[in-house]
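Below, each value reflects all heavy atoms present in this structure, side chains not excepted, and no hydrogens, waters or symmetry copies. Order of the sequence lines sets the chain letters (A, B, ...), proteins ahead of strands, with each chain counted from 1. Note that the structure is predicted; figures quoted are calculated from it, not measured.
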Number of protein chains: 2
Amino acid sequence: MATTNKPVSAEIEALSAVLGTDASKLLDPTVARAWIALLTAYGRVTRALSSELMDASGMSLADFDVMAQLVRSEEYRLRMSELADAALISKSGLTRRIDQLAVNGWVTRRRCTEDGRVHWATLTPLGLRAFKGAAPAHLAAVAERFGSALPASEMERLTRDLLKIAAKNAEPINS
Amino acid sequence: MATTNKPVSAEIEALSAVLGTDASKLLDPTVARAWIALLTAYGRVTRALSSELMDASGMSLADFDVMAQLVRSEEYRLRMSELADAALISKSGLTRRIDQLAVNGWVTRRRCTEDGRVHWATLTPLGLRAFKGAAPAHLAAVAERFGSALPASEMERLTRDLLKIAAKNAEPINS
DNA sequence: CCCAGGTAGTTGCAGACGCAACTATACCCC
DNA sequence: GGGGTATAGTTGCGTCTGCAACTACCTGGG
C-alpha cells in the first residue's frame, strides 16, 4: 500500500443552510464531528506508518499484515481465502499481494495435494527474517503514533467503542 | 471509488513467539487491539457507505466530500489547494476529481483573473441539486452505521480521543 | 461414470491515489 | 526590466484495489 490513503469524507456539518434547516436532524453534529475525527486520525496515522514502513523495510502495510498473519499461523502457512479474510483484503487483492511477496522470495504458493482447489501461502525463512527485521520499528511506530496518544484505560474504552461500531457493520470483506 | 477500501493492517499481536518474548514491549497488546479495532471499524463503515452512496447517487465518497466542502463555502467556490486540504486528498487527486465532477457538470473550474496561478472550483446549480439529492440518504447512513452505535456522551469522548491521535500525527496531507 | 453445482483462486478491467517532475504565474530585488 | 525563487496546478507513471467473469477442481446424485 506504499502510501495509499483513503480519501474519504470530511465535514458533513454546516449543511443546514443548503439542505433546509434540518441538517442536524439527518446527522447529529456530535456524530458528524466524531466521524470526521475518525477519518482524520485514520488517514494521518496510516499515511505516516505506511511510508515509514516502506522506507525502512521496503514493504507495504498490506505486505506486513499478510506476513503477520502467516507468522502467527501454524507452520507459517494459510490457505489463500483464510489469509484474505484475516488480512481484511479481497481475494483478488491477496492473489496479487502474494504474487509480489513471492517475487521477493518471502512467501511461496503451493497447491494443496489433497484438495487441488486449495493453495497454501507459506512464509519462507527469508520472509520470516524480513518480517523480523521490519516488525520492531513498525510496532514501535504504531505505539508512538497511535498508542502514545491515550492512557491505557482510555485506550480500552476506545477499543470497545470501535468494536461496537464494527459490530454494527458486520459482513466480512469477501461476502 | 465505488467500493474501494483500505486494505490495511490487522493483527499485530501474538508475535512474541517469533520476535522473542518482548513483543509486548514493542507494542502493548491493549494498543494493538485498539489499532485493529480502528482499522476494522473504519474499513467496514467506509466500504458500506461508499457503495451505498454510489448506488443511490452515482457519486463516490470523495466526490461527496469535495462537494460538501464547496457547499459550505462562500459563493460555493474554493481554490484548488484549499479544497484539496479541506477534503483531505492530494493536489493531484483533487485535479482528477474535479475533472470528473466537471464532466458531470457539477463543478466548473475557472482561472482566477487576479492571480493567474489560482483556479477556482465552483459548484454549479446542477451540482448543488445533485448534492441535495444525495445528502439526506448519505447522512442518514452515517447516522445509522456510525452514529447509532454509541450514545452521545460516548460519541463525544470518542471524538476527543480520536482528535488527540490526529493531533499527534499532524502534518497536512500536502506537505 | 458423468454431469450439475459449489468452492478456491486467478485474471481482465477500470477506477483511484500519490509522488515527483513539469508548466504557468507571480513576486522580489538588483 | 531580466533573472531567480516561490506558489498553484497538472501530468506522467507506477501501484494498489475490488468486482465480475472465468478456470480449475471437488463432490454428490442418478
request  = Sequence neighbours left out, what pairs pass ring pair (Phe, Tyr, Trp, His ring centres under 6.0 Å) with at least one residue falling in residues 88-108 of chain A?
outcome  = none

inquiry  = Can you see if the side chain of B:Arg97 gets near the phosphate of C:dC17 - specifically, an N or O under 4.0 Å from OP1 or OP2?
reply    = yes

ask   = Once you round it to whole Å, what is the distance between P of D:dT15 and CG of A:Asp63?
value = 13 Å

request  = Identify whether any heavy atom of A:Ser92 sits under 4.0 Å from a base atom; if not, whether one sits that close to sugar-phosphate; answer base, sugar-phosphate or nothing.
outcome  = base

remark   = When A:Arg109 and B:Ser90 are each assigned the nearest nucleotide of DNA chain C, the 5'-most assignment goes to A:Arg109

inquiry  = Is it the case that the base of C:dG9 and the side chain of A:Arg96 share a donor-acceptor contact (distance under 3.5 Å, atom types as modelled)?
reply    = no

message = Between P on C:dA8 and CG on A:Asp85, what's the gap in Å once rounded to a whole number?
response = 10 Å

Touch class at under 4.0 angstrom, heavy-atom based, for A:Thr95 against every strand present = base

query = Looking at the side chain of A:Lys91, which of D:dT10, C:dG9, D:dA8 is the nearest nucleotide?
reply = C:dG9

inquiry  = With a 4.0 Å cut-off on N to O distance, would you call B:Lys164 and A:Glu154 a salt bridge?
reply    = no

key: Residue-phosphate contact under 4.0 Å: A:Ser60 side-chain N/O, D:dT15 OP1/OP2   = no

query = Distance check: side-chain N/O of A:Arg79 vs OP1/OP2 of C:dT7, anything under 4.0 Å?
reply = no

